[in-house]
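Here is the structure we will look at, set down as C-alpha cells.
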Amino acid sequence: DTKTNSNAGGTKEEKSELEDKIVVYSPHGKDILSKFETQFEEKYSIDVEWLDMGSQEILDRVRSEKTNPQADVWWGAPSTNFNQAKDDGLLAAYQPTYSDSLDEGFHDPEWYWTGTSQTPEVIMYNSKELSKGEVPKDWDELLDPKWKDEIIIRYPLASGTMRTIFSSMIYRTYKDTNDPQEGYDWLTKLDQNTKEYSANPEMMYNKVAKGEGSLSVWAMPDVVMLKENKNYPFEFVIPESGTPVLTEGIAIVEGAKHPKAAEAFYEFVNSPEAAKILAEEFYRIPTRSDVTDLPEWITETDIKTMDIDWDVFQEKGDEWMKYWDENIKSGDKEIKE
Amino acid sequence: MASIKIENVQKAFGKTIAIDHLNLEIKDGEFFTFLGPSGCGKTTTLRMIAGFYYPTKGVVRFGDKDMTRVPPEKRNTGMVFQNYALFPHMTVFENVAFGLRVRKVSSSDLKGKVLDALRKVRLENYSDRQVSQLSGGQQQRVALARALVIEPEILLLDEPLSNLDAKLRDEMRAEILRLQRDYKITTIYVTHDQAEALSMSDRIAVFNFGVCHQVGTPAEIYNQPANDFVASFIGEINLLSVQVKSVQQENIVVTLENGEEPVKLIVHNHTNEGELIQQNEKNLAVSIRPEAIRILDTVEKGTNILKGKIESVQFFGSVVNVMVDVHNVLLRVDVLNTHEFGYFYQGKEVYVQLPEKQLRLIPVISGDAP
Amino acid sequence: MASIKIENVQKAFGKTIAIDHLNLEIKDGEFFTFLGPSGCGKTTTLRMIAGFYYPTKGVVRFGDKDMTRVPPEKRNTGMVFQNYALFPHMTVFENVAFGLRVRKVSSSDLKGKVLDALRKVRLENYSDRQVSQLSGGQQQRVALARALVIEPEILLLDEPLSNLDAKLRDEMRAEILRLQRDYKITTIYVTHDQAEALSMSDRIAVFNFGVCHQVGTPAEIYNQPANDFVASFIGEINLLSVQVKSVQQENIVVTLENGEEPVKLIVHNHTNEGELIQQNEKNLAVSIRPEAIRILDTVEKGTNILKGKIESVQFFGSVVNVMVDVHNVLLRVDVLNTHEFGYFYQGKEVYVQLPEKQLRLIPVISGDAP
Amino acid sequence: MIKNRDTRLTIWLLIPVVLVLVAYVLYPSLRTFFESLQKDGSISFGNYQDFFVQESKTNLEALWNSVYISILSVLASALIGIPLAIIFNRYDFPGRSFFSTAAILPIVLPSLVGVMAFMFLYGESGLIPNAIKDLFGLDKVPFKIGGVSGILIVHAYTMYVYFYMTVSAAINKIDPSLEEAAYNLGANKFKVFWKVTFPLLTPAIVAASLLVFMISMASFSAPFLLAGGYRVLSLQIYFSKINGDMEIAATQSVILSIVSISFLLFMRWYQNRKDYRMASKGIGAHRSEVKNPLMKWVMVVTGIIGVLILLLPHFTILLLSLVPDGTWTFQTYPTVFNVENYRLLFEDPNIFKPLRNSLLMAVIATLANLVFGVIASYVLVKRKFIGKSFIDILVMIPWALPATVIGMNLIFAFNEPSVFSFGQILVGTFWILPLAYFVRHIPLVVRSTNAVLEQLDDSIEEAARNLGAKWFYTFRKVILPIIMPGVLSGTLLAFIESVGEFPTSVLLYTISNRPISIEIMNQLRMFNMGQAAAYGMIQITLIVIVLFISNKFFGIKAEKAL
Ligand SMILES: Nc1ncnc2c1ncn2[C@@H]1O[C@H](COP(=O)(O)OP(=O)(O)OP(=O)(O)O)[C@@H](O)[C@H]1O
Ligand SMILES: Nc1ncnc2c1ncn2[C@@H]1O[C@H](COP(=O)(O)OP(=O)(O)OP(=O)(O)O)[C@@H](O)[C@H]1O
Ligand SMILES: [Mg+2]
Ligand SMILES: [Mg+2]
C-alpha cells in the first residue's frame, strides 16, 4: 500500500544496491519501532535492527561509538540534540526527496537532520482530581501558592522535554534582557510548589494518576497517548501565552556502515503514509505540510508556538540547567517527602 | 568449697543413654578423677555438674543444695575446657578478668586478683599478650588462672592435657596438682590417660559405656580392680581364665585353662575372693600385673613357679618388657632396666614365679574374655 | 630398598639454620628413628629426603646416587604424613591406587596390588568407603597402604601416631613394625616420643636445635647417653654435678657438689669416661637412671650406699616413683609396684645404693647444668 | 634445579593472572585516571580542583550523600542480617531449614523490577500503606517510602543477605565452648552475647560491611528510580557521561574509587588489628534447643513473618505481571487479572533473545571467572612470589570500584584498539559485556576459592607428588576435585549476579547482546509495567531453576559462597 511513494526509492534497480541490514537508534519505543520494522522489512527485505533508549543516551552512545559507529540512523530526538551531534561531527548530511514540504524550522540548514514530528509542551493534569475549569491556563498560573505540593515534575537533567520547558521559561525574559535571572526566579517559585522530582516518566505518570500530585508539565503527544491507549485519567492545557514546540527529527550517523539502506529508511519513516500512521496511532504531529486527513485532536487544537532561537538554547541550555540543578532545586525536596 | 553428690543420675541423648544410674559422692577438697575410654560419658557427667546438660533423671547436689536445674552461670564452678576455650579477642589479663568483671568486682580489687592469679600460674609477665601468642602450655595456665580467679567452689578439668606433648604434660600435671593443693579446692579431673589418673588423684571413678565400674584410690583401683575391664584399662595386666578347684581359709586353688594338662595355681584369699565364689560367678579370671611376676634363672623353692620360654623382649627405657610363653599362655613380665643389655633374649628358657598375694580372682564382664 | 647417606647437609630458612652439618647413614632395611623435641629439625631432615626441601649445602644420596636435587615425584619414597593427607574426594581404594595410576599400572594388576596392600593393613573390607568415614587409626592404615603399594625404596613416617590416643597408638605401633618387617623396607620414623623411639627402632638419631647429638641403638642411647641433653631427653634421669678426684684402672672417684661436706662416689670406669677426663672436660656430671637406684631399709655392705629420707611418693601403676633426699640432693628412684601399698611413705628414712656400674660420667652441654 | 622448576611453574601460572589483571583491571582504571587529568586539552588536576572548590558544592554533596547512604545501608543491613543469622543458626525449631534458605531469596530479585516492586508495595500509593489506611479508616496513608528512606529500605532488603551469609558462616565456626566458658564464669546470656559471641563475629561483620558499603556506593538502580533529584555519586557519573562531560565523569569515578578503596584498606587494617582466630580444633556447633515453648513459637512466628516480608516483593512482581497495562492507573487496587502480559511477551518473536543473551554472556563470563579464579587463587594461596600483596589488591579492586566506574573504565580503555583487545575495538561489540561481568566478579570467585584453598592442607599436594604425580596431574586429579564444591558456590553467585546485571549493562550493551535487565528497563521506559514485571518473573524463575538444579543435583549452595 506504500507503492505510490515514488520518492522512497523502492524500485527494483535501486534495491539491489542497498545493504541487507540497517541499525536504528531510537527512543520511540517498541511499539512504533516494531511496526515500522515489519513494514520496512516487507518492502525492502532489509533486516532492521533497533535499539531503543532515551534520546540523551543515544547522543552519548553515538558519541562513544564515534570511532566505530554501530548505528546507521538516529530516529527521534529534539533538534537540539541533533545540533549538538552535528557540532561534534557525528552526523552525515542528507537532503531527503521530500525537502520541499518541510518548513524552514523543520530541518537543519545544511540538512544534517530533518524534522519528523513536532511536540508541543503542555500543562497536564489528573482529570479525576481537577476539573477543566480549575486548572492553570498558563505557565505563570502554576506559581499560584494554591498548587503547593500538587506539582510533580520529571527530574529535568536527563529529560529533553523538561530541559526544553525549563529553558523556555528562562528564555522568555532572557531574549530581551540577556540575563537569565528573572527566569531563575520563576523556576525558584515553581520549585517551591513542586512536590517531587520523579526519576523517570513512569514514576511521574504513576504519581499523577494516583493523585499524589495532580499537575505536571509534559509533551502533548505522550499525554494523549496515555489517555487514549493506556486509560490514564489525563488531560492537558496548552498555555495561552504560547508554548515551546520541539521538533523531533531523524539523521544519518556519520560513518554509517549501511548508508544506502539508511537513506531508504530515512525516506520511509517520513513518507506521508508513515506520518499519518504516526499521527493516528502514536499521536505524533507531522512536520510535513503535505499530510492530509489528520485526526481531530491535531486539527482541532490551536497551538500558539513560542518563538525560540534554538541556537541560544543549545548554547546556554547546559549552563542554565546546571545552574538550576546546583542552585535552585531545593536539596531537601526528596528528603522532605 | 563443697562436696558433690550425684544421685541416681541418668542422661539420655535421644535414644542413646550416655550415663546410666550414676551414684557418686565427691568430698570437699578432694582431687577426683573420671577415667575411661573415649565416649564412655566422662564429659557428659562433667557437663551435668557444670550445668551445661540437665540430667534426664536424678539429682545433682553441691553440699546439700539441689543444683540439678540451676543454670551454669549460677553454679560457681570453674571449668577448664579441653581446648582451653580462651577468648581469642582478649588479652591474657582480660581473659582472666572476665569472670571478675561479670561479678562487678571493683577495678582496684580486680587488678590485684588477676595479677595474683597470673602469678600463681607463673604468667605475671604475659598479662598483655594476645592469647594466640602463647604456647599450648601457657594457654592452659591462662585457662586455669581464669577458672581459679573467681574462687569457685568446684574446679572442673576436662582432659586439659590431652593436646600437649609428653614433656609439657608432666610439667602441667605438677602445676595443676600444686595449685589444687594451694587452693584446697574440690576438683574433678577428666582423663583417659591412666598414668595421669593414678599419679594425681585422691580417688578415681572408672567409667565404661555410661556405667561407673569402680570408685577408689589409685592403689585400690590398680591393685584390686573390680573386674577385668578395670584391670585391663588401668595399665597392663595378665588375665588367665581359670576354674576354681578348692577354697581354703588362706588360699584358693585354681587350675589354668590352657588346653593342655591343667596347671595348678595357688591364689591368696583376699577378702572379696570368697564372696565371688559364693555368688557363683561363672566367669572368673586370675589377674597379675606384669611387674609382679618374677623371672628366675633357675627353679627355686616356692609356690606358683612355672617353666617358660622368652618369646620377645622389648625395651621401653626404664622398663624392659619380656613376653614369656608358659604352658602356651603368653605372660607379659616387666622388669626394670637394671640388668646388662642382652641378659634377656628371645628363646631363653626361664622360670617365672607368680607370687600368690599378687594373684587376684576377678569377675570377667566383657564378652571377649581372655 | 636403599641405604641413605646424608653428607654434611645444612638447611637454612632465611637466617634460621634448621639443620647444621648433618651426617647420617641409614642402612638398607633399617628402621631408623629421628627423635628430638619440637622444632629441632626432624621434619626438615625428613623433607629433604623426600625432596620437598633442598639442602642449602651438602649431599643426599640413596645408595650411591646423588639425589640432592631430584624432584619428589622421581624419588620413589613413600611418605606417611602426620595428618595422613588422604585425598578426601576419593575412596579408600582410589587413595591407595593413586600412586599406581600415576605409574600407569595396568588396571588388572592395579586392582590386585591395591587389594593386597589393603589386606596387609587389614582393611580389605573397607575399600569402597570414603576416607571421611574411617576412624583415625583406619585412616592411618590407609595412608600406610598408599605409601607401601608403590613399593617405595624408602618409607618416611612423620609422627604418624601423634594424633592418636594411647590405646590406638600401641596398636598402630605394632602394625607399623609388622609391616616394616614384612616389606623389609628402609624406614625413617620421626617422633618426639622417646618410649616410641626406644621400643621400635633399630637405631635412633637424637636431635636438638638442628644438631644431631647421638646416633645409636636404643640401648646405647638409653644406657650410654652421649651427654646430658640425650640423657635427660630419653627418659627420666638423675644428674649429679661432681668433681673428679682420682682415676684408677677400674674406678673413678668423684665428689658430689652439694654445698655440704663432700660425698664420695665411686664410678665404674667405662671406656669413654677416661677419654672425657683426658679431654679435660670441665662440666661433668654423674648420671644414674631412677630404676637403677636401689632402696634399702637398712645399711648394707657395699659401695655408694647413702642415707636419705623419702620426700614424696607417686604412684604410676606399675611403677612407684619415690623421691629421696640424699645429702640435700633430690634423687628420683623408680621401683616396681611389688611392695604392699604404704611400704614407702613420706618422711621414711631409707638407704639408697647407686650401683657403680650404673653410674656414668657424662659431659654437660646445656646451659642450665644440674 | 627443582627449585628452578617450581619457580618456573609459579611464573608460568602468574603470567596469565597478571596479564588479565593488568589488561582488564589496572589498565582501564589508569585510562580513567588519565582521562580525569585532561582539562581543556592539557593535563592537570584542574578537574579535581573543580570537584572540590565548585561553588555550588553539588559534587561534594553527591559524594557526601553516597557515603552517608552507604553507611546507613551498612547499618540497616547489619540490623536485619545479623539477628536473622543468629536466630536461624543458633536455635532449632520447626521449619528452620526452610526459613534459613528463604532468607537468601532477595538475591534472585532483579534490581530494577525489585525497586519498582517496592514502589508499588510501600510507596505513597502502594498496596501496603493503602491497605492499612483502608483497613483502619485512616485519612492518610500511615507511612510511605521514597527518596532516601526508599533507597535505604531497598538497600537493606537486598544487601542484608551479605551479612546473613557471612555471619551464618562465622557463627557456625565459633567454638561453642567459648560461650560455655563465659557462662561458667558467671556471665548471663546478655553478657555472653555482647562480650564473647559478638566480638568473635567481627571478621565476618567487617567483611560484610565492606561488601555492603561498596555495593551501596556503587548502587545505581535504587537511587536512579527512587531518589528523584537526590544526588549520589554513581548517578552523577552517569549524568556527566550522558551530558558528554567525559572528563568530569572520569574525575567523579576516580574519587568514588578512592573512597571505596580507602574503606577497603581501612577495614583490612581494622580486622588485622586483633586476633580472632580460634585455637581449637573443629568442633561443630550445636544448636541450643529452644526449651521454652513460648520462645519457640515467638521464633517460628518471627520466622514466618520475616519470610513473608522477604517474599512480598516477589509476589508484587507476580501480581504486576498479571495486571494488564492500563487497568491499574488511578485505582488503588488492581481489579483485572489475566495473562495478557505474558501473551504479549511470548507473541514477540524476539522475546527469547535477551534471555538467551543474558544466559550466554553470564555463562561465558562465569566460565572465565572460574578458570581465572582458580588459577589466581592457587597462585595467591599456595605459591610464594614477590609482589603478592599487589596482586592481591588488584584482585580486590573490582569490588572497590562501583559498577558504573567499571563500565566507564572499560569504555575509556576499549573504545580504541589496544593490545589488550588484540587490536580490536571492544566497545560496541558483543564481547564487551561478558568482559564487564567477568571483571566485576573476579573478587567474588577468587575470594570464595581462596577460602577453600586455604583450608586445603599443603601436605595433600605433597602426598600426591610423593606418590610420583607431576604437578599438573596433581592439580587436575587432586586439588581441583577437592576445592570444586567451594569454588562452584562462589561461581554460582557470580552467575546469578551476571544474569541480572544492570549498571554496567546499561553503559555497554549493544544490539547484539542486549540482556534481560535492559529489556526490562526499556519496557519500563515505555511504561509497560506489566510486561516489565512479566519479564522480571521470567528472570526470577530462571535464577530459581538454576539455584534449584545446582543445589539438588550438584549440592552447590550459593548461600555458602561468602
Ligand atoms: N550432645 C550430644 N548429643 C548426642 N549424643 C551425645 C551428645 N554428647 C555426647 N553424646 C554421646 O554420649 C556418649 C558419651 O559422650 P561423652 O562426650 O561424655 O564421652 P567422653 O567420655 O567424654 O569421651 P571422650 O574421651 O572421647 O571425650 C557418647 O556415646 C556420645 O556419642
Ligand atoms: N618453611 C620454613 N620456613 C622457615 N622456618 C622453618 C620452615 N620449616 C621449618 N622451619 C624452622 O626450622 C626449625 C626446624 O623445624 P622442623 O619442622 O624440622 O622441626 P621438627 O623437629 O619437625 O618439630 P616438630 O616436632 O614440632 O614437628 C624450626 O625452628 C622451624 O621454625
Ligand atoms: Mg570428653
Ligand atoms: Mg615436625
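As a basis for the values below, the full set of heavy atoms in this structure was taken, side chains included, without hydrogen atoms, waters or symmetry mates. In what follows, chains are A, B, ... by sequence order, proteins preceding strands, each numbered from 1.
Using a 4.5 Å cut-off on side-chain heavy atoms (C-beta onward), C/Gln314 and B/Leu177 make contact. Side-chain contact between C/Phe316 and B/Pro218 is absent, with no heavy-atom pair separated by less than 4.5 Å.
For B/Asp193, no part sits under 4.5 Å from any heavy atom of chain C, backbone or side chain.
The CG atom of C/Asn337 sits 11.5 Å away from the CG atom of B/Asp334 when rounded to the nearest 0.5 Å. The line from CG of C/Leu336 to CZ of B/Arg294 is 12.0 Å long, rounded to the nearest 0.5 Å. With values rounded to the nearest 0.5 angstrom, B/Ile237 atom CD1 is found 11.0 Å from C/Ser318 atom OG. Of the inter-residue distances, the one linking B/Asn223 atom CG with C/Phe315 atom CZ reads 5.0 Å to the nearest 0.5 angstrom.
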